[in-house]
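Beneath this line is the structure, given in structure tokens, with notes to follow.
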Amino acid sequence: MYTEQELLKDCKKGKRKYQEELYKHYFGFAMSVCLRYAPVREDAVEILNDSFLKVFDKIHLYDEDKPFKSWFRRILVNTSLDYYRSRKKYLFHVELNEAELDAEIPIDWESDLKTDVILKLFKQLPDLYRHIFNLYELEGYSHDEIAGMLSISPGTSRSHLSRAKKRIKELYAEHLKLDKR
């Protein structure tokens with residue numbers, strides 16, 4: 001088994017054996033990120049493979065003083081967004097007024113969610129809602145940053161995040177009703 005530093009050093013030299021080892025080492029992590037953005041597993045695999053190609057092509061730009069996982073996550077997220085943009089026919093935006101944006105959704109329902117249920121519910125969200133939720137809640141981007149990435153307004157980002165949370169809550173309530181049967 002190789003250390004991460006050894007893998008990265010030899011990947012920078014273009015050694016295929018080490019690229020394969022890096023792929024195997026980070027496959028699970030990368031797939032978990034891609035599955036949050038892709039509607040189906042096949043798309044997630046395509047995004048994952050495209051991301052690794054970018055890593056191997058741009059590894060000379062990686063700053064060894066920073067964690068590789070963070071650099072790689074950014075590539076995964078950006079590749080996911082590129083994939084989404086390249087396949088969308090058009091985006092439908094609805095601007096909401098500030099009163100609708102300020103409506104809060106109770107948080108207590110979130111604490112009872114299980115990982116497998118969350119992933120199942122996320123797959124039912126529209127792509128844009130899922131991307132905004134992931135970027136804001138999991139990746140920590142601001143609404144202004146998300147707006148720039150997705151070519152939407154910050155208000156649209158906020159409204160879609162609110163709608164995503166509301167829809168997940170509705171889907172979870174439906175899930176609970178089905179479980180009680």
Side-chain angles (χ1 to χ4, degrees), residues 1-93 115-116 118-119 121-123 125-161 164-165 168:
M1 192 68 149
Y2 304 100
T3 67
E4 183 178 281
Q5 289 78 22
E6 290 172 325
L7 289 174
L8 294 172
K9 183 179 107 190
D10 287 324
C11 282
K12 284 184 177 185
K13 295 177 183 175
K15 294 183 178 179
R16 298 277 183 219
K17 174 183 174 184
Y18 295 93
Q19 290 175 341
E20 183 179 341
E21 289 298 320
L22 188 72
Y23 183 94
K24 288 176 185 176
H25 182 74
Y26 279 102
F27 180 86
F29 163 75
M31 184 56 87
S32 70
V33 173
C34 293
L35 283 170
R36 288 197 322 257
Y37 289 91
V40 294
R41 186 171 180 80
E42 292 78 18
D43 291 346
V45 170
E46 188 172 337
I47 293 166
L48 178 138
N49 288 331
D50 288 349
S51 296
F52 270 107
L53 288 174
K54 288 179 183 178
V55 165
F56 298 141
D57 187 46
K58 304 288 185 191
I59 197 144
H60 62 281
L61 299 175
Y62 166 64
D63 180 358
E64 294 176 15
D65 294 332
K66 297 183 179 171
F68 175 76
K69 206 172 197 178
S70 299
W71 183 74
F72 186 33
R73 179 189 303 274
R74 188 175 221 41
I75 290 173
L76 291 163
V77 169
N78 288 336
T79 303
S80 296
L81 296 176
D82 291 344
Y83 184 86
Y84 169 72
R85 277 191 290 268
S86 72
R87 281 156 180 76
K88 71 176 180 170
K89 294 192 179 178
Y90 60 90
L91 275 177
F92 178 70
H93 305 281
T115 303
D116 59 330
I118 292 171
L119 292 173
L121 298 178
F122 276 154
K123 288 184 186 280
L125 289 176
D127 288 344
L128 190 56
Y129 287 13
R130 189 175 58 253
H131 294 320
I132 291 170
F133 186 94
N134 283 323
L135 290 168
Y136 186 82
E137 295 292 344
L138 301 176
E139 306 296 342
Y141 288 100
S142 71
H143 287 294
D144 289 335
E145 292 170 317
I146 295 168
M149 290 176 186
L150 299 175
S151 301
I152 59 176
S153 73
T156 298
S157 177
R158 284 195 274 307
S159 70
H160 285 334
L161 176 63
K165 287 180 177 181
I168 291 171

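Fair warning: this is a prediction, and the values are worked out from it, not measured in the lab.
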Shortest non-hydrogen separation from A147 to S153 and the atoms involved:
CB-C, 3.7 Å

Using side-chain heavy atoms (C-beta onward) and a distance below 4.5 Å, is K123 in contact with L35?
yes

Point-to-point distance, once rounded to the nearest 0.5 Å, from NE2 of H60 to SG of C11
14.0 Å

With a cut-off of 6.0 Å (strictly less than), are more than 12 heavy atoms of other residues, nucleotides or ligands near NZ of K9?
no

Is there side-chain contact between L135 and E145, with heavy atoms separated by less than 4.5 Å?
no

Can you tell me if NZ on K12 sees more than 12 non-hydrogen neighbours from other groups inside 6.0 Å?
yes

Please list, one pair per line, the donor and acceptor atoms closer than 3.5 Å that link side chains of residues 36-50 to other protein atoms, with sequence neighbours excluded.
from	atom 1	to	atom 2	distance (Å)
R36	NH2	E139	OE2	2.4
D43	OD1	Y83	OH	2.7
E46	OE2	R87	NH2	3.1
N49	OD1	Y23	OH	2.8
N49	ND2	V45	O	3.3

Can you give me the closest heavy-atom contact between I146 and I152, atom names plus distance?
O-CG1, 4.5 Å

Can you find a heavy atom in the side chain of K69 that is under 4.5 Å from one in the side chain of Y26?
yes

Could you give all pairs that pass the salt bridge (charged side-chain N to carboxylate O under 4.0 Å, His left out) test and reach residues 74-83, with sequence neighbours left out?
K54-D82, D82-R85

Could you tell me whether E20 and K24 have a side-chain N and a carboxylate O separated by less than 4.0 Å?
yes

Quick one, V77 and R73 - any side-chain contact, counting heavy atoms below 4.5 Å?
yes

Are Y2 and L22 packed together at the side-chain level, in the sense that at least one heavy-atom pair is separated by less than 4.5 angstrom?
no

So, for I132 and S157, which heavy atoms are closest and what is the spacing to 0.1 Å?
CG2-O, 3.5 Å

Interatomic distance, CG@L150 vs CG@L128, rounded to 0.5 Å, equals 6.0 Å

Any chance you could measure L125, atom CG, to H160, atom NE2, to the nearest 0.5 Å?
12.0 Å

So with a 6.0 Å cut-off around CD of E6, is the heavy-atom count from everything else above 12?
yes

Is F29 close to L76 at the side-chain level, that is, under 4.5 Å between some pair of heavy atoms?
yes

Would you mind reporting whether K17 and K15 have side-chain heavy atoms less than 4.5 Å apart?
no

How would you list, by chain and number, every residue that makes a ring pair (Phe, Tyr, Trp, His ring centres under 6.0 Å) with Y136, sequence neighbours excluded?
H143

For the residue pair H131 and Y84, does the interplanar ring angle fall in the parallel (under 30°), tilted (30 to 60°) or perpendicular (over 60°) class?
perpendicular

Which distance, rounded to the nearest 0.5 Å, do you find between the OG of S80 and the CZ of R130?
9.5 Å

Of F52, F27, Y62, the one forming a ring-ring contact (aromatic ring centres under 6.0 Å, His included) with F72 is F52

